[in-house]
Structure formats: C-alpha cells, structure tokens
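Okay, so here's the structure we're looking at.
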Amino acid sequence: MPYVAEISRTNPTCFIILLDQSGSMADGFGGSEGLRKSDFVADLVNKTLHDLVIRCTKAEEIRNYYHISIIGYGGSVQSAFAGALGGKTLVPISEVADNPARLETRTKKVPDGAGALVEHQVRFPIWIDPGASGGTPMCAALSQAKVQLEQWLSEHKDGFPPTVLHLTDGESTDGDPTALGKELLSLGTSDGSILLFNCHVSSHRAAKVEYPSGDAGLPDQFAKTLFGISSTLPESFRKAAEQTGVNVSEGGRGFVFNGDPASVVQFFEIGTRPANLR
Amino acid sequence: MIRVPYGLRIHRFLAPKKGSQPGECEDAIAFHAGRMVFAVADGATEAYDSRSWARLFVRAWVRIQPPVFEMQEFEPFVRDLGRRLHRKWSRRKLPWYAEEKVRGGSFTAFVLLHFYIAGVTLHWKASALGDCCLIHRRNLTDCNAFPITRSEEFGSHPILLPSIESKQRRALDSVQHASGVAAPGDDFLLVSDAVGSWFLKQRENGEGETTRLFDRLTESNDADGLQNFFGDLRSTGQIRNDDIAVVRIEVY
C-alpha cells in the first residue's frame, strides 16, 4: 500500500512549492481591487513554513523530517527564499527554522482558557517576499522541480514521496506543461509516486472547482490540463481535507481551479499534511 | 499481627521508537515498590518537550503519599506540576519556534495503579487518561483492560493531560477510574499505546504464542530479548514504531 512510509529524521520527506510570481499576481483575487494575490500567497507560504517548522520542533531541537524548496517563477525561475537561504534548494527544515530572512512582530489572538481571546505579541518569521513580474514560465519551473526531485530521490529511495504544491493564476507562457507534469508524476519512491497538487487562483470572477475526481465539469482546456497533471489525493490527505471541512470523494485529485483565498489556505493545509510523523 | 500473604514481582521495560535515542523516549515509567504505586505516561509526540512532562508527572505521582486519585487532590497536584514545567521553560531564552511551541504546552496520556491491603485482601485502584492502558490478567487467561478494552479503540485522538493550567480542568473531567481485588496469580500490565494495541489484538485473535514469549521475556527481565522481540514485531508490521513502556506486576 503506497503513502504509508514513516517520516523520520532518517527517512525524511520533501516539499517543493512552485509559486507563480508572474505580473498578474499583482492583481486582486477574482479581479477585485483588494488584496493582491502575490501578497496573500507570500504570507500564506510563510505561514505554511512556520507550521512545518513548529511540527518538527521538539523542545529546543528541530527534527529534520522535511526538506524544503520554494521555486518562484515569473520574470525568472529561481529559489524564492530571501535572506541567508537565498538561492538554496532542498533545505532541511532545521536550517529553514534558523534562517528566516527576518522576524516580524505580529499580534496573535489566543484562548485564555476561560472562553475569551487575549492578544499576544509573537515573533513571525518571513522567508519569502511577494513577487509579481514577467510571464508564466510554468514549464521552466516544472523542469527545475524535476531536477531537484531527481536529486532528492536518488538519496531517499524509500521515504514518503515528495509533495509538489503548485500555485498559479494563469496559463503557461512557455508551452504545454502536460509532458513535464507527467514526467514528474512518473517519479517516486518505493512508497509511491510523487504527489503533484495544483491550485489555480482566478483573476476573474468564476465558480471554483475543488478536488474533483473527473474533468467533465471543468470550464476549459487549461483547467483540464492542470487536472491531468494532478495526483489523486491519498487517504491520509483526504482525511486532512475532511479536518479542514472539505469533503473529497475517493479518487478526488489535488486540484483547485478558480480558487479564492479560503481555498488556497485549505490547499496548503491539506497538501502539507502527510501522516506518519515519527 | 496479620501477616500479609502477598508479594509483588515487578518487571519494567522502556525503549524509544526505532530511529530514536533512549534520551528521546517520550514514554515514562515510575514506581515505588514499597508503597505499591506504579505509573506509565506517554508524552504526545507533536507537543513541546513531552518527554519532560511525562517524566515529571509519573515521578511526582509515585512520590506523593498517600497517592492522589480524587479530583480535589489531583487537580492541584497537576496544576503545580504544569506551573513548575512552564517556569522551567520561561527561564530559558528560546528561539522563535520553541517560544511558539511552548505556548501550546505539553500533553501526556497516563495510567496509574495503586495496591493497598484492607484486612487480608489486596485491593487495586487505577486512574487513566488517554491511551495508556492497564491490563489485568488472572492466571494469564482472563483478561480485563482499562480504560481501552479493544484494540480498534487505539489510534483515535484521545484526550490528554495538558501542562497548561487553563486547559487542565476539561481534561481532568475525562480521567477514568477503576478498582478491584487482586489475588495470587494475578498479573497487571501498565503499557503505553503501541504495546496495548498489539497485546489486545493478540488476545482478540487468540494468538497466545507471541504473548507467552512476551511473558517469558518480561519475567526474566531480558531487556535485550525484549528489544529484539519488539524489533521483530515492528519489522513485520505487527506493532507500530512507537516508544514502548511496560510495567508488569505479578502478584504471588
């Protein structure tokens, strides 16, 4: 049975986040004037990294259960890490934890135990900054992900398969990503194929589609293309989806089309929830 | 003077999950043979410094005389322990991630057992929270488990004892109690969840041979033998790769 390998220091897994940083990411969600997609997504990726670090924290030690890459693509295709990690790929989570570009102070509301919320000042790490320029070189980004995956897989043949979380707001400007997507999906460990999940956020007002099991109801060919290179959600991810309030039918794929901010948050939450931490 | 016609033979085994060091084991064991008190705790893997919380809890509990079971004594007891642990953490300069995780506190499951003599009868009393388990066997055949009675009940998300004071009351409301009478030939196992789940499954499937080997190894305090035994069970997928805590008390 695939996707059951334990995730441990000796048997880590890997997350690669592919982030569209094209010029249109400076627009608001659904074409609105409000929150810029690039700002929202950068904040969400920082929050996701924060949560992954916290999950690996044991007392004052970080256990290297995960290796992380963030590939930003737009005007260029490169590691999206800022600060000391700039240019680095497949970074062990302990190194991620110890090297945010900066720590900001934020206010967080936490339960006081008596049913109310109290505000706390907390240190919030920033690893990536928003980016929005150029076209959408999706194929180049997938190629770079493939190179990194092949490198990682050569050293981790039996681990929990890597997860690639891809977020985009538009069609590829450097060709059809289908062949490269399929090449990625053909990679894997003895525990299963790599997991490629795709989340599309819309620049127009349109009905969203979340975790479909077929492409019949998808609005256009681009949606079908992304669906075609999205992995079926393994059982543990479907359970994670249920916990976030999303019901995914068996055979449902890690694919969101025309996502709004809430669905992007859920996408990252579900996609970074492989079970079996040891 | 009435001569007490009972004795207790005590065996223990504590081991970290495969891939971890002994100093990383989040299960904890403590007992005081003279006072006939025994405790096993299982610190939550995803919480902060659960090893410290589990160890602090069991060690403090077996030191208290008489042992505390009732809510009016138990609640201040765990409140003080939680405060002590958080004071220890607050004295340190922590990196941002540890600081964040400390805010969530620590959690542990536990099972506690106390024997006492009334007249000439040996009684036992137990408390438990979460998925640590007490298994009481009579002549190694009849078997009662507490608070979990069937193997499939493991693996859910049990309520655990938090180190944070404001969260404790709600958890303490879920503590379960059991009591009974013990007799020579009885056998009590206090175990953390991995062993509890495996042991009950063996009983349910009527597979006695493996448990007999487990009994022989614990009786002879064969730590290497038990290490290999659980290693084999792990490699064949019969037991989850988790920390292991076993206290076995034979009444004679």
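In what follows, chains are A, B, ... by sequence order, proteins preceding strands, each numbered from 1.
No part of B:R170 comes within reach of chain A, as not one of its non-hydrogen atoms sits under 4.5 angstrom from that chain. Contact of B:R92 with chain A is made through the side chain alone, with heavy-atom distances under 4.5 Å. Within the 4.5 angstrom heavy-atom criterion, no atom of B:E165 approaches chain A.
Between B:E100 and A:K108, the closest side-chain pair of non-hydrogen atoms falls below 4.5 Å.
No more than 12 heavy atoms of other residues, nucleotides or ligands shown are found within 6.0 angstrom of CD on B:E209. Taking a 6.0 Å sphere around CD of A:E155, one finds it holds more than 12 heavy atoms contributed by other residues, nucleotides or ligands.
Interface remark: of the candidates A:D98, A:N11, A:I62, A:L103, A:I62 forms the most heavy-atom pairs closer than 4.5 Å to chain B.
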* Just do the side chain to side chain contact (heavy atoms under 4.5 Å, CB included) check on A:S8 and B:K17 with the steps written out, would you? => CA-CA 11 Å; A:S8 63; B:K17 56 182 75 82; over 6 Å; no

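Of all the heavy atoms in B:Y48 and A:A59, the pair that sits closest is CE1-O, 2.9 Å. Here the closest non-hydrogen pair linking A:K58 and B:E46 is NZ-N, 4.5 Å.
Judged by distance alone, the side chain of B:W96 and the main-chain N or O of A:V122 form no donor-acceptor pair under 3.5 Å.
A salt bridge does not link A:E6 to B:R234: none of the charged side-chain nitrogens sits closer than 4.0 Å to a carboxylate oxygen. A salt bridge links B:E99 with A:R123: the closest approach of a Lys/Arg side-chain nitrogen to an acidic carboxylate oxygen falls below 4.0 angstrom.
In this structure, the separation between OG1 on A:T57 and NZ on B:K101 is 5.0 Å, given to the nearest 0.5 Å.
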